Amino acid sequence: MSNNRRPAYLPIAIIAVVIIAITAAVIMWFKPDSAHVDPANPVSNALTDESESTLSTALNSGQIGQTTSAQNQSPFVTGLERLPRSLKGTQVDGEIIIDENKQLVVTEGLRRLFDYFLSSLGEEDEAVIFARVESYIRHHTPEPAASQAVAIFDQYITYLKAIPEIEQRYGNLQLQAAKSGELDLNVVAQQKQDVAKLRQQYFTKETITAFFSAEDEYDDYSMEMVRIDQNQQVTNVQKEATRQNYISRMPDNTIKASITQQANLNELMNRTTQMQAKGATAQELYNMRRDLVGAPAAARLAQVDAEDANFAQRFDQYQAQKQRLLNQNTDKVQIQNQINQVEQQLFNEAERKRLSGYAALQQQNIANLE
């Protein structure tokens, strides 16, 4: 069975995660499709992604060199022979698009293609990775598009090698700003400008737009959300209205859709907590969820509620029987064996692994109420 593989994304200014608490619970079955966007934590997606940071670190540590080392002696035909372990069983992510004249059409998918192969840094040496990428491109792409794609790959590598110097320069400034308890957006903006200048050194305007426009759009959103959050001159109601106004003016694309979807999830969780505290019925919860996230998701949530309620009931039964056994003045080994038997009767193997954590959570909830 094949799976798509993409590197996860994370920012240069990771310190922002500690400073600004913009969090949301993750509902795995309702996760946005885009691997580039995490609306639950806009700050943690700002500026640069993990592929840039991780790959650039590996590149500068000498794990990868120049394309010329792999040329004219490639051990590959398609580039997919003898894949490293991390890529086995996966589908190649990304795309190579050409026009009617066999000229390369640069897209964000081309960058994903590069990142797919570069994600194996550390498993393969520099010559192998370059030979693999170039062989893949030339096997699947006619000229002149093939040579154009290889040239952009070389530029991309050079760009990634230059990123750490910027990260280090502004990372120290952010650590100093963190002492004040807020993210310094002026530092973030300057770092963003330096990254933009770096891109201009290595890429054409068309390539910059294709590779980074979506990332830049989300960076702008992230910074604006932080700016709104840090504004102490307005109320929380005014902040929320400002957020919604900004989102409404964003272009209608996948980024806006993901942000809107996450906002619905946040609202869903808030309303669910409030309604459950007031003793809402299962039908009332279903109706509210259906209006926010649709009928299929509402049905799945109702099923989760039922499963959680069933587990909670069996846990209470387990706790009562366990306490009765512990109160007996008999052999401790025998008591533990009996407790194990009760666990096996009430829970399956996966559920038994949850017991200690669930018990700790219950104790914490009780402590919070006292």
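Here the structure is a predicted model, which is why all the values come from computation and not from measurement.
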Inset, instruction - May I ask you to decide if Ser86's main-chain N or O and Thr90's side chain share a donor-acceptor pair within less than 3.5 Å? - result: no
Inset, instruction - Using a 4.5 Å cut-off on heavy atoms from C-beta on, say whether the side chain of Leu121 contacts that of Ile129. - result: yes
Legend entry - Check: Ser147 side chain, Pro144 main-chain N or O, donor-acceptor pair, under 3.5 Å: no
Can you give the donor-acceptor pairs under 3.5 Å from side chains of residues 282-296 to other protein atoms, not counting sequence neighbours?
unit_1, atom_1, unit_2, atom_2, d
Gln283, NE2, Asn287, OD1, 2.9
Glu284, OE1, Thr281, N, 2.9
Glu284, OE1, Thr281, OG1, 3.4
Asn287, ND2, Gln283, O, 3.3
Arg289, NH1, Asp305, OD2, 2.6
Arg289, NH2, Asp305, OD2, 3.0

Legend entry - Minimum side-chain heavy-atom gap Thr242-Val234 below 4.5 Å: no
Legend entry - NZ/NE/NH1/NH2 to OD/OE distance under 4.0 Å, Arg112 and Glu95: no
Inset, instruction - Examine distances only and state if a side-chain atom of Arg111 and a backbone atom of Phe211 form a donor-acceptor pair shorter than 3.5 Å. - result: yes
Legend entry - Lys102 and Thr141, any side-chain heavy atoms less than 4.5 Å apart: no
Inset, instruction - Give, for atom CG of Asn340 and atom CD of Gln345, the distance between the pair rounded to the nearest 0.5 Å. - result: 11.0 Å
Inset, instruction - Kindly state each residue pair satisfying salt bridge (charged side-chain N to carboxylate O under 4.0 Å, His left out) with at least one member in residues 243-254, sequence neighbours excluded. - result: Asp229-Arg243, Glu240-Arg243, Asp252-Lys256
Legend entry - Salt-bridge present (Asp216, Arg199; N to O < 4.0 Å): yes
Legend entry - Whether Gln148 side chain and Leu104 backbone form a donor-acceptor pair below 3.5 Å: yes
Legend entry - Arg85 atom CZ: more than 12 heavy-atom contacts under 6.0 Å: no
Inset, instruction - Indicate yes or no for a side-chain donor-acceptor contact from Glu134 to the backbone of Ala131 under 3.5 Å, with no hydrogens or angles considered. - result: no
Legend entry - Check: Asp194 and Tyr170 side chains under 4.5 Å, non-hydrogen atoms: yes
Legend entry - Side-chain (Glu351) to main-chain (Asn348) donor-acceptor, under 3.5 angstrom: yes
Legend entry - Trace of the side chain to side chain donor-acceptor pair (under 3.5 Å) decision for Thr207 with Tyr202: CA-CA 10 Å; Thr207 300; Tyr202 298 112; over 6 Å; no
Inset, instruction - Could you tell me whether the side chain of Asn101 and the main chain of Gln103 form a donor-acceptor pair under 3.5 Å? - result: no
Legend entry - Ring center gap for Tyr159 and Phe212 short of 6.0 angstrom: yes
Inset, instruction - Would you please name every residue forming a side chain to side chain contact (heavy atoms under 4.5 Å, CB included) with Ser248, sequence neighbours left out? - result: Asn245
Legend entry - Distance-only polar pair, side chains of Gln303 and Glu307, donor-acceptor under 3.5 Å: yes
Legend entry - Glu81 atom CD, neighbour heavy-atom count above 12 within 6.0 Å: yes
Inset, instruction - Hey, can you tell me if Phe130 and Phe153 have their rings parallel, tilted or perpendicular (30° and 60° cut-offs)? - result: perpendicular
Legend entry - Distance in Å, Ile339 CD1 paired with Gln344 CD, rounded so as to fall on 0.5 Å steps: 12.5 Å
Inset, instruction - Can you sort out the partners of Gln274 under side chain to side chain contact (heavy atoms under 4.5 Å, CB included), two or more places apart, ordered by chain and number? - result: none
Inset, instruction - Please confirm whether the backbone N or O of Val342 pairs with a side-chain atom of Gln321, one donor and one acceptor, at under 3.5 Å? - result: no
Legend entry - Sidechain N-carboxylate O distance under 4.0 Å for Arg227, Glu224: yes
Inset, instruction - Apply salt bridge (Lys or Arg N to Asp or Glu O under 4.0 Å) to Arg324 and list each qualifying residue two or more places apart in sequence or on a separate chain. - result: none
Inset, instruction - Could you list all the ring-ring contact (aromatic ring centres under 6.0 Å, His included) pairs where at least one residue sits in residues 292-315, not counting sequence neighbours? - result: Phe311-Phe347, Phe311-Tyr358, Phe315-Tyr358
